[in-house]
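Count residues from 1 along the sequence.
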Amino acid sequence: IRAMGSKLGARAIMKKAGVPVVPGTDGGSNDAARIAAMAKKIEGPWFVKASAGGGGKGMRLVTDASQLEAAARAAIGEAKSAFGDDTVYVERKIERPRHVEFQVLADAHHNVVHVFERECSIQRRHQKVLEETPSPALAPALRKKMGEAAVAAARAVAYVNAGTIEFILDARGNFYFLEMNTRIQVEHPITEMTTGIDLVQWQLRIARGEKLPFKQADLAQRGHAIECRIYAEDETRNFMPSSGVITKLREPGGAGVRIDSGVYEGWDVTPHYDPILAKLVAYGEDREQARTRMLRALGEYVVLGVSTSIELHQRILQHPQFVAGNVDTSFLDTYKDELLQPARDDVPDLAFIAAALANPGRANRPVRANGEETEAPSPWRMAGSWEIGGAK
């Protein structure tokens with residue numbers, strides 16, 4: 001954890017282990033002028049990054065060399081405030097990369113395996129929104145090569161635990177070490193559903209000193225799984241966290257659907273913690289079945305009281321480029337006009353209520369439950385009482 005807690009230190013370890021790293025500076029500094037001078041020796045555009053950083057904090061994208069010093073100064077200040085360490089460094093920006101990570105398991109008996117990859121390219125503000133496995137971008141040969149690099153990375157720090165090696169992948173199939181997460185990750189369920197390996201259980205069994213009973217050749221991927229992170233945030237306000245009390249909650253279920261959640265009706269969603277409410281996972285025999293099952297599950301998901309990312313996920317999953325598997329870390333920015341709802345401060349709430357009431361049949365179309373025709377519940381009934389102008 002100490003070795004990989006510093007991005008600069010991790011870069012040096014990976015280079016020594018023969019794991020590809022993004023071209024960048026070998027050292028860091030808290031002097032903005034020095035960082036700017038170091039960056040100019042590398043082909044741009046550039047990312048100025050906090051060495052101790054994570055989650056996009058202490059990171060600045062620079063496309064103009066004249067802005068390097070100002071960006072470094074801002075990154076240094078943010079790094080100091082967020083992490084107590086103001087060291088920053090520079091990496092070349094890889095254009096339109098995919099974010100592909102490999103799950104690893106390593107025990108105290110020197111056994112290390114990878115449990116295949118997760119595609120994590122759908123992001124906003126450098127935070128993951130949707131993940132899937134297998135990655136649509138990996139042919140068997142590339143998967144094998146990246147998996148071997150992930151195992152080498154874990155061995156290089158004598159790692160013992162469940163962990164993740166994160167890579168960025170360019171359009172030509174070149175991949176580079178990004179960072180190591182020395183812990184279980186939010187997106188672990190999709191790996192569990194496609195491999196049958198209970199990662200949380202094995203994290204505990206490894207900590208107890210047990211030996212992994214399987215070798216790399218014993219592991220295989222079956223089917224496809226997609227995870228949607230259900231955030232309490234408002235996409236119309238630049239993904240600002242949404243706080244309030246959950247007044248109504250209906251979670252989806254059914255074949256191939258898993259939900260990991262810790263909230264319930266009456267839960268007070270505050271602005272003091274990460275805005276994630278739940279992880280919704282859909283499994284299928286192939287990617288298309290997983291995608292359509294996820295769309296069905298999202299359509300059944302009801303959360304009232306706070307804004308959520310449910311509708312955004314529906315739009316992402318139906319976008320032609322996502323359907324084709326053509327994604328990268330700039331996906332939401334590239335297609336923002338099609339995917340993101342515009343700010344609606346100028347539209348009164350009454351207008352949305354009127355629009356919903358104008359099409360009541362949509363909420364009450366027949367659905368099949370237990371082999372019998374039934375009526376879907378009205379969302380207005382589910383919401384309980386609602387008021388317009390003081391009258392219920």
Side-chain angles (χ1 to χ4, degrees), residues 4-14 20-101 120-129 131 164-170 175-183 185-186 229 231 233 238-241 274-276 328-334 336:
M4 302 306 265
S6 162
K7 287 188 170 64
L8 274 171
R11 280 174 58 86
I13 293 169
M14 292 302 104
V21 299
V22 179
T25 58
D26 290 327
S29 177
N30 60 0
D31 183 306
R34 186 179 177 204
I35 287 294
M38 294 165 68
K40 289 174 183 176
K41 298 177 182 178
I42 305 164
E43 181 185 354
W46 309 266
F47 272 120
V48 180
K49 294 185 174 183
S51 177
K57 292 184 174 65
M59 183 163 71
R60 295 292 186 277
L61 172 62
V62 186
T63 57
D64 184 339
S66 67
Q67 301 299 314
L68 276 167
E69 189 169 341
R73 191 175 299 109
I76 288 166
E78 187 173 358
K80 178 68 173 178
S81 175
F83 310 113
D85 182 343
D86 58 4
T87 304
V88 302
Y89 69 105
V90 178
E91 285 182 347
R92 188 180 79 205
K93 179 182 185 293
I94 305 299
E95 296 295 341
R96 299 180 68 88
R98 287 178 178 260
H99 183 142
V100 180
E101 63 189 28
C120 306
S121 297
I122 307 289
Q123 304 179 2
R124 66 10 174 185
R125 296 202 305 265
H126 308 291
Q127 292 285 312
K128 299 164 188 173
V129 172
E131 303 96 356
T164 307
I165 311 298
E166 302 200 355
F167 298 104
I168 57 175
L169 176 69
D170 69 19
F175 64 92
Y176 306 95
F177 172 81
L178 183 62
E179 65 179 343
M180 181 178 187
N181 283 294
T182 52
R183 53 180 170 79
Q185 283 192 274
V186 170
R229 298 190 183 198
Y231 288 111
E233 59 187 17
N238 194 30
F239 298 103
M240 286 289 291
D274 189 282
I276 194 168
D328 58 59
T329 56
S330 63
F331 184 82
L332 286 182
D333 289 330
T334 301
K336 62 183 178 181

Evaluate the side-chain proximity of [Y] to [X]: yes if any heavy-atom separation is below 4.5 Å, no if none is.
X: Val100; Y: Phe175; answer: no
X: Glu101; Y: Lys128; answer: yes
X: Arg73; Y: Arg60; answer: no
X: Tyr231; Y: Ile276; answer: yes
X: His126; Y: Lys57; answer: no
X: Leu61; Y: Phe47; answer: yes
X: Ser330; Y: Glu95; answer: no
X: Asn181; Y: Glu166; answer: yes

Closest approach of [X] to [Y] (non-hydrogen atoms, all atoms of both residues):
X: Ile35; Y: Ala72; value: CG2-CB, 3.7 Å
X: Ala32; Y: Ile76; value: N-CD1, 3.7 Å
X: Val88; Y: Ala79; value: CG1-CB, 4.4 Å
X: Gly58; Y: Ala75; value: O-CB, 3.8 Å
X: Lys7; Y: Ala50; value: CD-O, 3.8 Å
X: Pro97; Y: Ile168; value: CB-CB, 4.2 Å

Starting at [atom1] of [X], measure out to [atom2] of [Y] and round the result to the nearest 0.5 Å.
X: Tyr176; Y: Leu169; atom1: OH; atom2: CG; answer: 9.5 Å
X: Asp274; Y: Glu233; atom1: CG; atom2: CD; answer: 9.0 Å
X: Phe167; Y: Arg98; atom1: CZ; atom2: CZ; answer: 16.0 Å
X: Arg124; Y: Phe239; atom1: CZ; atom2: CZ; answer: 6.5 Å
X: Asp328; Y: Asp333; atom1: CG; atom2: CG; answer: 9.5 Å
X: Leu8; Y: Lys49; atom1: CG; atom2: NZ; answer: 10.5 Å

Q) Does the ring of Tyr89 carry Arg11 above it, NZ/CZ under 6.0 angstrom from centre and within 45° of its axis? A) no

Q: Go through the structure and list residues passing side-chain hydrogen bond (donor to acceptor under 3.5 Å, both in side chains) with Asp170, not counting sequence neighbours.
A: Asn174

Where the side chain of [X] meets the backbone of [Y], is there a donor-acceptor pair that is under 3.5 Å apart?
X: Arg125; Y: Asn238; result: yes
X: Trp46; Y: Ala39; result: yes
X: Ser121; Y: His99; result: yes

**Q.** Side chains of Asp31 and Ser29, donor plus acceptor under 3.5 Å
**A.** no

**Q.** salt bridge (Lys or Arg N to Asp or Glu O under 4.0 Å) partners of Lys80, counting only residues at least two apart
**A.** none

Q: Go through the steps for Met180 and Ile165 under the test side chain to side chain contact (heavy atoms under 4.5 Å, CB included), then give the verdict.
A: CA-CA 5 Å; Met180 181 178 187; Ile165 311 298; 3.6 Å; yes

